[in-house]
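In what follows, a structure is listed as structure tokens, so that the remarks can point back to it.
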Amino acid sequence: MEESPIISPLNDAQLEAVTAPSGPVLVLAGAGSGKTRALVHRIAWLIQENGSHPWSIIAMTFTNKSAREMRTRIEKLLNTPTQGLWIGTFHALGLRMLRQDWQAAGLSERFEVIDNADQLRQIRKSMEELKLDEKAIPPKQILWRINACKDNGHRAHNLPEELSKDEVFSLIYRDYEKRCQQLGLVDFGELLLRPCELLKNNQIVREYYQNKFDHVLIDEFQDTNHIQFQCAQLLSTRHQSIFAVGDDDQSIYGWRGAKVENMLGFNRIFPSASIFRLEQNYRSSGCILQAANAVISRNSGRLGKKLWTDQADGEPIQIYRAYNETDEAGFAVSAIDASIASGKAHNEHAVLYRSNAQSRVFEEQLIARGIPYSVYGGMRFFERAEIKNAVAYLKLAVNRDSDPSFDRVVNMPPRSIGNQTMESVRFIAARHGVSLWEASRLAIDDAKTRPRSRESLKRFRAIIERIDALSKELPLDALVEKVIHESGLIDHYARERGETAISRTENLKELITAAGSYILELSRESPEQRKNQLNLFLNHTALEPGPRGTEEEFDRVQLMSLHSAKGLEFKTVFLCGMEDGLFPHQLSISDGNLEEERRLCYVGITRAMQKLYLCYSRSRNVFGKQMRCTPSRFLAELPEELLSGTRQPVIEQKQWQKESVQPDSNLTDHSGKNLELGCTVRHAKFGEGTLMQAEGTGAYARVQVNFPEAGKKWLVLNYARLRRV
Ligand code: ATP
Ligand code: MG
């Protein structure tokens, strides 16, 4: 047994957790201590040593990337494919459940998963229907609020009291729910909430899954929200075999409803739980680990963990003080270039940032030097317009009643179906209570429809019918190739000029490749499911960030936000944009939510194995204006002896902290008049108010104003256009 590849690469504490007798287990440990390794080995151990069947195991993670990595590692350990094992993100697993039990879940068989952009479109429609002004109520805000409600398990009809007081919001939420139900649309929040309700309310389904799954495992447990934890709990009620691993110091999704209390409450819910702590960090050099420990030790209310390494201190952490963001990117990219020239692989280097918008400058420099890179997050591949267009044809082939898809491509590429025709189609649909597809058939038969529109509608319908027929014969990639040609999309984009047109046609071709690689994935599905290949592929496009390449294609420099870097590790990490207001983010500073930002900083630092660069810029272009920036307060929290490069940030930051105790004496209003605490200012929307507090300087100088009507507001001076009265 000792020689087994499942057991031998574990330390004593890991071994104990991995081989713990069936029952609730919580592994509570710091970054890089091998939590994910323990979880992967636990699954392999359950299958090989404990005699569990792969189909009796469900494992939940937070990103598709880590789900894939975990499956590969398990298969390697067992030396066999793991068909039947449910492993994936909470969303993907929720979707799988809904596909299987759509009827019990109250959905139509062909329901469609929608992304945030489509969700926003439906919210807009609800607001239009309710005759609500988008300027007064930003639809994006409604989207956030609806998602937050769903994350907490609140439907429109059972909102908690404080939310139900907002009648406008409940009306929109109610209409949006009705709309999605009618159109068979399922948003991301719904992928979690509906399976949870299904398990709670439907005894047959609940018992089926409780009997099916003997073991439930959760990675990154600190970031589960209320309903995710509830789902996991419901699934493990019978067997009580739940294995959760997490680190309270890495809880970074509080803003999306994640409850670190789940971690604390584990013991209460599972009183017989065994708790294991892992204390050795295997990932990072001594310096990097000390820096991470120093930063996180500033947080209060931690569960408290020790973390040590037997690795040497290694190289000190490099601080780079850039002149502006171009200089910052130039520095990082030339360091990467030099490192690659010395024989390192591209994907050993990662550039991490707080906000996705920061990637552009790095991309420009990487392109200029011809260094291949991948950007995670930001605009997902499947969210690009041209890809959504192609996918809409496929969706209609699967489900003619998909009105959003019909709307999207009936005249894309343009085929002379004008607004007037579409209006009458919509009118017919509303009057007869049918889908746009059915209404278009009625419109063709309608004598009032102009012959030209009639022909165009017929042609469009014929394309969809043909795609449907082809989908039953062709493999996925060949089908996608047909679709982009027969729909006329590729010719349409090829006729356009310029860089974007080229990248659009390239993206469409990439979609063929994406469909090709999905065929491999299909082999894991049961033969019965495989018949639905197109449907499965469409679900996959809704949840996946982008097409996958071969290992070789993966050898690229990695660019991603700190949030998406969770769980990953890289030899060399550049943490960029370490400036107050950017990181920590201004919103978190105002909300007093610094501890979550600090945890994010801890996550960032602990991604690095050997080399860590922390970069900040003295000035940065913010919304088209060059602004002076202050180094991040997190830089000042690092012990100076661990740093090399300039010591400036620490000194600058300390100075700034002193300054910020008293408001900047140079604060001025829009016309240059000096502002003082207690003075009266006028704001275009909120009216007159009293200046209560001020903080920060330069780009991020902000003031708090108390408005009699609107209440207290924090405003960024540069944008608020205040006038001293
Ligand atoms: P995070 O908190 O960032 O998710 P983690 O606790 O999940 O980290 P892992 O990713 O599982 O940590 O492991 C970190 C690194 O340490 C990996 O490269 C892993 O292979 C290595 N590692 C873990 N345990 C051991 C061990 N017992 N011996 C050698 N290397 C190990
Ligand atoms: Mg991990």
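All ligand and atom numbering here is 1-based and tracks the order in the structure. Every value quoted in this text rests on a predicted model; they were computed, and no experiment measured them.
- The shortest N or O to N or O distance between G32 and ligand 1 is under 3.5 Å.
- When only modelled atom types and interatomic distance are considered, S56 and H215 share no side-chain donor-acceptor pair under 3.5 Å.
- In this structure, of K566, R283, E569, the residue bringing a heavy atom nearest to atom 1 (P) of ligand 1 is R283.
- Using 4.0 Å as the threshold, G567 has a heavy atom nearer than that to some atom of ligand 1.
- At least one heavy atom of N11 sits closer than 4.0 Å to an atom of ligand 1.
- At a heavy-atom distance under 4.0 Å, no atom of Q280 approaches ligand 1.
- With no hydrogens or angles considered, a side-chain donor-acceptor pair links Y282 and Q280 at under 3.5 Å.
- Counting only heavy atoms of the protein, atom 9 (P) of ligand 1 lies nearest to G34 CA, 3.7 Å.
- For the Mg ion (ligand 2), the neighbouring protein N/O/S atoms at less than 2.8 Å, given as residue and atom, are T36 OG1.
- In this comparison of Q222, R37, R73, M609, the heavy atom closest to atom 19 (C) of ligand 1 sits on R37.
- Side-chain contact annotation: E597 with S588, donor-acceptor N/O pair under 3.5 Å present.
- In this structure, the side chain of N281 does not engage the main chain of W308 through any donor-acceptor pair within 3.5 Å.
- When non-hydrogen atoms are compared, ligand 1 lies under 4.0 Å from the side chain of Q250 (C-beta onward) but not from its backbone.
- Across all their heavy atoms, E596 and G254 have their closest contact at OE2-N, 3.0 Å.
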ring-ring contact (aromatic ring centres under 6.0 Å, His included) between F90 and F62, intermediate numbers included | CA-CA 7 Å; F90 276 98; F62 272 79; 5.7 Å; yes

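- Residue contacts with ligand 1, taken as heavy atom pairs separated by less than 4.0 Å, involve P9 solely via the backbone atoms N, CA, C and O.
- Note on ligand 1: G30 sits in its first shell, one or more heavy atoms being nearer than 4.0 Å.
- Of all the atoms in ligand 1, the ones that sit under 4.0 Å from a non-hydrogen atom of K35 are 1 (P), 2 (O), 5 (P), 6 (O), 7 (O), 8 (O), 11 (O), 12 (O).
- Taking atom 29 (C) of ligand 1 as the reference point, the nearest protein heavy-atom neighbour is Y282 CD2, 3.5 Å.
- At least one donor-acceptor pair closer than 3.5 Å links the side chain of Q358 to the backbone N or O of S355.
- Aromatic pair F229/F221: ring centres closer than 6.0 Å.
- Under a cut-off of 6.0 angstrom, the local environment of CG in D310 is crowded, with over 12 non-hydrogen atoms contributed by other residues, nucleotides or ligands.
- A salt bridge is defined here as a Lys NZ or Arg NE, NH1 or NH2 lying under 4.0 Å from an Asp or Glu carboxylate O, and D248 with K305 meets this definition.
- Protein heavy atom nearest atom 27 (N) of ligand 1, with residue, atom name and distance: Q14 OE1, 2.9 Å.
- D555 contributes a side-chain N or O that, together with a main-chain N or O of H346, makes up a donor-acceptor pair within less than 3.5 Å.
- A donor atom on one side chain and an acceptor atom on the other are not found under 3.5 Å apart for S236 and Q240.
- Ligand 1 lies less than 4.0 angstrom from a heavy atom belonging to R607.
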